[in-house]
Structures are given as structure tokens and as C-alpha cells.
Amino acid sequence: MNKNFYKKILAIIPARAGSKGIKNKNLLLLGKIPLLCWPINAAKKSKYIDKIIVSTDSRKILKIAKKFGAKTPFLRPKKFSQDKSSSFQVIKHCLEFEKKNGNIYDYIFLLEPTSPFTTTSDINLAIKVLLKNSLVADSLVSISEAVNTNVNYIYKIKKKKFVEPIIKNNHHIRRQDVKKNYFLDGSFYIAKVSFYLKNKSFIGKKTIGIITNKVKSLEIDDKIDLNFARLIVEKKLNK
């Protein structure tokens, strides 16, 4: 049990075998270790995480995850491992499995292998902020400033050729005068188990956001993202 806050926290890392963007994405190397092992390494160094479970439909991923220190008590059913399977289905399945085995948690912490630059410090900060505000907040998510995709600079296409701004009369707005917008960057999500199961989402009326920087907000969906991530790791290693 978590000694500091007396709250039991389960970290869940979903890592199925299939991937549309990049084949076997979760097993590709980033800085000499598989992508799925980055969140495992970050979570296992946190003193606030009670257990780390990798939910996967792949025996190969299961074997690697176990080697790096995560728990792999089950092979995820195929019905929860499809392209259209939701995160809620994956998380609910994991929580129900744990409950059947006598393990009850107060909070769930979701980490994605596609967001490899989340650190132990990020995890600890997120947990401490949410627990400190537990009387007024149900969940916490990572967000990043939408610099290049700010709604004031987004256009739609009319009649298949004419561009039109989403926000009317925005032609003369200076970038420094635009109100900041943010997007869910996928680095981490944490919520009270009771809230998540009822809400079926990490986002609700009482959700806190922690702003991450541009590097941490990188989400690996295609080969360009992967190459960029490898470049970042290479530069860090060179330093």
C-alpha cells in the first residue's frame, strides 16, 4: 500500500500486438530498449505505484514486459484487442481481473508506450497533485499547448476548394494575442477507480490538467514520429 497517502494505485500499460501506423510498434527499439519498456521503467521507479500491469494480447510482449519488471497476470482477450477496442474496455477488463483475485485499487494510472518520454518525476507529480486535490478533483490528465493547431489558425475547406477559418474574423490576430489552447497529449492519465468506471473516461467536470513540454507531448503514431523520438534520445545520450 502507498505509505504516503494510503491509497492503492495501479499503473496500466496497454500494448497490443497489432498496429496500423507501424508494424509491431510496441516492440520497436528506442534507445536500445523496446518502446513498451519506457513507461515500465518510469513507473517502477515511482514510490507511489503499487503495481504495474501490461495488458497485451501478445505472448512476446508479455515475456518482454515481465523481464523489465511489469506484472503480466493475463493475456488480453481478442475481443478487447481489436482496432476499435476502447481504452475503457481494456482498463475495465484489467480492474475486473484484479478484483477477482482480491486486488482492489483506489486510483488507476494509464501510461501509453507511444508516449515514451514520461518520466518518474512526471508520474510522481501527477499523483501528488491529484491526491492533494482529491476532495475537489476526480482525475488528472497531461495536456500540451496547441501551438501549431490553435483553433484560431485552423481552416476548413468549403466546396472542396475554398478555405474558410473555423473562427470568423481571425485574419489579423497576432499569434502573441491569441488565447492559449491545449490538447490531451497522451503522456499520462490518472483517475479515481470509482469515477472512471462510472464515467467511462478520464475527462469529467472535475479534471485537472498538468501542462507538459513539446518533447514530452510527442506521440509515436508513424515512422516520422519514431525517427524524431530516436533523434531526441540520440541527442540526449550524446550530452
Side-chain angles (χ1 to χ4, degrees), residues 2 8-120 122-124 126-127 141-142 186-191 193 196-197 202 216 218-221 225-226 229 233:
N2 189 292
K8 202 166 184 181
I9 302 174
L10 172 66
I12 300 176
I13 301 173
R16 71 186 182 97
S19 175
K20 282 188 174 181
I22 313 175
K23 187 177 180 180
N24 298 318
K25 177 169 60 178
N26 291 313
L27 294 174
L28 295 178
L29 296 182
L30 177 63
K32 298 183 180 180
I33 67 171
L35 202 59
L36 77 101
C37 298
W38 281 72
I40 294 175
N41 284 343
K44 71 182 183 182
K45 294 175 185 176
S46 172
K47 61 183 179 180
Y48 304 122
I49 300 292
D50 292 278
K51 183 185 283 189
I52 307 164
I53 290 181
V54 169
S55 174
T56 182
D57 60 332
S58 164
R59 293 192 181 279
K60 186 174 183 179
I61 289 177
L62 186 148
K63 185 177 180 180
I64 293 173
K66 187 175 182 180
K67 179 182 177 181
F68 274 80
K71 300 297 182 183
T72 54
F74 56 79
L75 198 62
R76 193 200 305 173
K78 289 185 178 180
K79 63 181 179 179
F80 300 138
S81 304
Q82 307 302 313
D83 289 337
K84 294 183 179 180
S85 297
S86 66
S87 295
F88 176 74
Q89 291 175 315
V90 174
I91 293 171
K92 184 182 178 184
H93 168 261
C94 185
L95 287 171
E96 288 179 344
F97 180 92
E98 283 292 283
K99 187 176 181 179
K100 287 180 181 178
N101 287 275
N103 300 314
I104 306 296
Y105 300 91
D106 299 294
Y107 288 84
I108 48 169
F109 202 117
L110 181 67
L111 291 164
E112 301 274 6
T114 49
S115 297
F117 297 130
T118 299
T119 65
T120 304
D122 296 326
I123 293 171
N124 290 342
I127 293 171
V141 297
S142 60
S187 296
F188 50 81
Y189 307 81
I190 178 173
V193 170
Y196 183 79
L197 291 177
F202 285 95
K216 290 183 186 295
L218 174 64
E219 191 168 3
I220 300 175
D221 291 323
D225 297 330
L226 180 61
V233 171

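All values reported here derive from a predicted model rather than from experimental measurement. For the single chain, residues carry numbers from 1 onward in sequence order.
Atoms NZ and CG, on Lys23 and Leu28 in that order, are 11.0 Å from each other to the nearest 0.5 Å. In this structure, Ile52 CD1 and Ile12 CD1 are separated by 12.0 Å, a value rounded to the nearest 0.5 Å. With values rounded to the nearest 0.5 angstrom, Thr118 atom OG1 is found 10.5 Å from Leu218 atom CG. To the nearest 0.5 Å, the span separating CD1 on Ile64 from CD1 on Ile33 amounts to 11.0 Å. In this structure, CG on Leu35 lies 10.5 Å from CD on Glu112, to the nearest 0.5 angstrom. With rounding to the nearest 0.5 angstrom, the NZ atom of Lys60 is 7.0 Å from the CG atom of Asn24.
Annotation: cation-pi geometry satisfied between Lys8 and Tyr105 (NZ/CZ under 6.0 angstrom from ring centroid, within 45° of ring axis).
The salt bridge (Lys or Arg N to Asp or Glu O under 4.0 Å) check on Glu219 picks up nothing, with sequence neighbours excluded. Take Phe80 and apply the ring pair (Phe, Tyr, Trp, His ring centres under 6.0 Å) test, not counting sequence neighbours, and it matches His93. Every residue meeting the side chain to side chain contact (heavy atoms under 4.5 Å, CB included) condition with Thr56, not counting sequence neighbours, appears here in chain and number order: Val54, Ser58, Ile61, Leu62. The side chain to side chain contact (heavy atoms under 4.5 Å, CB included) test applied to Ser81 returns Asp57, Arg76, not counting sequence neighbours. Taking the side chain to side chain contact (heavy atoms under 4.5 Å, CB included) definition, one finds that Gln82 meets it with Lys78, Ser85, sequence neighbours left out. When the side chain to side chain contact (heavy atoms under 4.5 Å, CB included) test is applied to Ala126, the partners found at least two apart in sequence or on another chain are Phe109, Leu140, Phe188, Ile210.
Nearest heavy-atom pair across Val193 and Leu95 is CG1-CD1, 4.0 Å. For the pair Lys47 and Asn124, the tightest heavy-atom approach, listed with the atom from each and the gap, is N-OD1, 4.2 Å. Across every non-hydrogen atom of Asn26 and Pro113, the tightest pair is OD1-CB, 3.3 Å. Of all heavy-atom pairs between Ile220 and Ala229, the closest is CD1-CB, 3.7 Å. Closest approach of Ala191 to Phe202, counting heavy atoms only: CB-CD2, 3.6 Å. Between Trp38 and Pro116, the shortest heavy-atom contact is CE3-O, 3.2 Å.
For the pair Asp122/Phe117, no side-chain contact is recorded, criterion being any heavy-atom separation below 4.5 Å from C-beta on. Looking at heavy atoms from C-beta onward, Ser87 lies out of side-chain contact with Tyr189 at the 4.5 angstrom threshold. Between Val233 and Lys32 there is no side-chain heavy-atom pair separated by less than 4.5 Å.
Within a 6.0 Å radius of NZ in Lys44, more than 12 heavy atoms belonging to other residues, nucleotides or ligands are found.
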Item to check | Test ring-ring contact (aromatic ring centres under 6.0 Å, His included) applied to Tyr196 and Phe88, step by step | outcome: CA-CA 9 Å; Tyr196 183 79; Phe88 176 74; 5.6 Å; yes
Next on the checklist: For Lys25 and Leu226: C-alpha separation, side-chain torsions, deciding distance, then whether side chain to side chain contact (heavy atoms under 4.5 Å, CB included) applies.
Outcome noted: CA-CA 9 Å; Lys25 177 169 60 178; Leu226 180 61; over 6 Å; no
Checklist entry - Is there a side chain to side chain contact (heavy atoms under 4.5 Å, CB included) between Ile9 and Asp106 once you walk through the steps? => result CA-CA 6 Å; Ile9 302 174; Asp106 299 294; 6.0 Å; no
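A salt bridge links Arg16 and Asp83; the closest N-O separation between the charged side-chain nitrogens and carboxylate oxygens is under 4.0 Å.
At distances below 3.5 Å, not a single donor-acceptor pair connects side-chain atoms of Asp50 with backbone N or O atoms of Leu10.
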